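Reading through the structure tokens given below for one structure.
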Protein chains: 2
Amino acid sequence: MEQIIELGNAQLVEQGATGLSVRGIARGLGMVSSAIYRYVGSRDELLTLLISDAYADLADTVDAAVATAEAGTGGDPRARFLALGDAMCAWAITHPERWTLLYGTPVRDYSAPADTTNADGTRVMQVVLRIAADAAEQGDDGARVAPGEADLAPEVIALLESHLAEFGVETTPATEFAALTVWSSLVGVISAHVFGQLGADAAAIGERILDAQIRMLAELITRC
Amino acid sequence: MEQIIELGNAQLVEQGATGLSVRGIARGLGMVSSAIYRYVGSRDELLTLLISDAYADLADTVDAAVATAEAGTGGDPRARFLALGDAMCAWAITHPERWTLLYGTPVRDYSAPADTTNADGTRVMQVVLRIAADAAEQGDDGARVAPGEADLAPEVIALLESHLAEFGVETTPATEFAALTVWSSLVGVISAHVFGQLGADAAAIGERILDAQIRMLAELITRC
DNA sequence: CCACATTGAGAGCAGTGCTCACATTCCGGA
DNA sequence: TCCGGAATGTGAGCACTGCTCTCAATGTGG
């Protein structure tokens, strides 16, 4: 079982998600393909396992980086976000296929990262939320760029508040909204690089671009 | 030929990119599969055609929306960006599979959107750039959130300047950098919704969330 | 020691992308 | 008008995929 997801990850980094085949894994294990179905119900289920695995790995990496930054800088929100962004970015560049699996085209019949079976999918978002909450507490209200609570629809506020209760974070819905948007932006910025959407010449210096973009988003999250 | 990409788009909206098969298109055309290969070299080449088609459609839609907003508000950058974001968002929600084709997992052996064969891929980004340039010209320098030119690596500045020359837009590299980041953020925010990364309960009110996020990004782009 | 669950083998089905030799049809120049 | 070549479609076939089913071997607990 562990060998299956291990070999699955290996095939993933070699040929990407489309190249991952249960027959190939069976070959690698010296078995026949039908034997794999004793352990995993379908190819999509195998992909879901790999997704959960990747979510956990990414979240562990980010957690570790943020923890060291927190210890080193005394909990400065900006430094923590920079550590988070850099770690996320480095992980994505190191494991582009796994990043693609998480934030690229979703697998059919794979529900949502917020599912109970794989709560790891929301861990990074929660860290961003806590950073934003601390930043909002410390920061000055001047030069705010996030929308005020009056600009948010009631249903949106209700959903945000339910998330705050679920995650156990005390802050305003407006701050969580800003955190959510910054998180989506961070994913978008990294994906643009991993997916090569900026063109070939930008790919060569992509890490430098990403570095500056993360700093810009850090500037943004301190103004929520 | 036109029937092929027409039927290809139809199959795309029905079953997504993975469900698109040249045999299926052949069946829909009442031909045998090998006949398709007279017109298109491979399945990936067919996908590339559909990508170009989608890029052009998206850019046309956005252009039209921005043009009306420009005429209606006398060229206010914020209004233009809101029109752009709303149009892009509406297009993505109307054509989720085509959006996925553009900004989801890239197709193997599909070069870059900046390719000469499909320059439509950069059109929306260029519109964002022009809006940012106008906003930078009119706006006050106070409360800026974009990084200064001193914070950008020389290679990055060189690349940005070459883009400015290519697109014929006169502004600073720092402003273009901010525009690039806002564009990536916009794509990220929309993708998060289309790909369902925010969970099932968020999907129900996704459009309201997106609306507020676009307004937040509009606020951001007026401070570059 | 035996019943039973676990694990794997092997054949097979339906589907895919793609290639190649072959037939047909169309069309412009002699 | 004819004819040669280009364009277009056919059908068989290869290698591959996910997945199902039956059957045999191999443990393992009562």
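Fair warning: this is a prediction, and the values are worked out from it, not measured in the lab.
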> Would one find more than 12 heavy atoms of other residues, nucleotides or ligands at under 6.0 Å from atom CD of Glu207(B)?
Replying inline: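 Open: at most 12 neighbouring heavy atoms sit under 6.0 Å from CD of Glu207(B).
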> Quick one: is Tyr39(A) getting a side-chain N or O under 4.0 Å of the dG8(C) phosphate, OP1 or OP2?
Replying inline: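 It does, given that an N or O in the side chain of Tyr39(A) lies less than 4.0 Å from OP1 or OP2 of dG8(C).
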>> Can you see if the side chain of Ser21(B) gets near the phosphate of dT16(C) - specifically, an N or O under 4.0 Å from OP1 or OP2?
In response: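 So the side chain of Ser21(B) is within the cut-off, an N or O lying under 4.0 Å from OP1 or OP2 of dT16(C).
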Output the rounded distance in Å from [atom1] ([X]) to [atom2] ([N]).
X: Ile36(A); N: dT6(C); atom1: CD1; atom2: P; answer: 18 Å
X: Met1(A); N: dG8(C); atom1: CE; atom2: P; answer: 13 Å
X: Tyr37(A); N: dA9(C); atom1: OH; atom2: P; answer: 15 Å
X: Arg23(A); N: dT16(C); atom1: CZ; atom2: P; answer: 16 Å

> Which atom pair, heavy atoms only, marks the closest approach of Ala92(A) to Ile190(A)?
Replying inline: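 Shortest heavy-atom contact: CB-CG2, 3.5 Å.
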>> Closer than 4.0 angstrom, basic N to acidic O: yes or no for Arg130(A) and Asp134(A)?
In response: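 Looking at Arg130(A) and Asp134(A), the cut-off is not met.
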> Just by modelled atom types, is the Leu159(B) backbone N or O under 3.5 Å from a matching donor or acceptor in the Ser162(B) side chain?
Replying inline: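 Yes, the answer is positive, given that a donor and an acceptor are paired below the 3.5 Å cut-off.
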>> Under a 3.5 Å distance rule, please check whether Thr122(B) uses its side chain to pair with a backbone N or O of Met125(B) as donor and acceptor.
In response: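 Checked: no pair found.
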>> I'd like the 5' and 3' limits of the part of DNA chain D contacted by chain B, with heavy-atom contacts below 4.0 Å.
In response: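 Nucleotide range with atoms under 4.0 Å of chain B: dT8(D) to dG13(D).
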> Parallel, tilted or perpendicular: which fits the ring planes of His95(A) and Trp91(A), with parallel below 30° and perpendicular above 60°?
Replying inline: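 Ring orientation of His95(A) relative to Trp91(A): tilted.
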>> Both Arg38(A) and Val32(B) contact DNA chain D. Taking the nearest nucleotide for each, which residue is further toward the 5' end?
In response: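 Its nucleotide being nearer the 5' end, the pick is Val32(B).
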With sugar-phosphate meaning primed atoms plus P, OP1 and OP2, does [X] contact a base, only sugar-phosphate, or nothing at under 4.0 Å between heavy atoms?
X: Arg43(B); result: sugar-phosphate
X: Ser33(A); result: base
X: Ser34(A); result: base
X: Leu20(B); result: sugar-phosphate

> Who pairs with Glu155(B) by salt bridge (charged side-chain N to carboxylate O under 4.0 Å, His left out), at least two apart in sequence or on another chain?
Replying inline: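 Checked Glu155(B) against salt bridge (charged side-chain N to carboxylate O under 4.0 Å, His left out); matches are Arg208(A).
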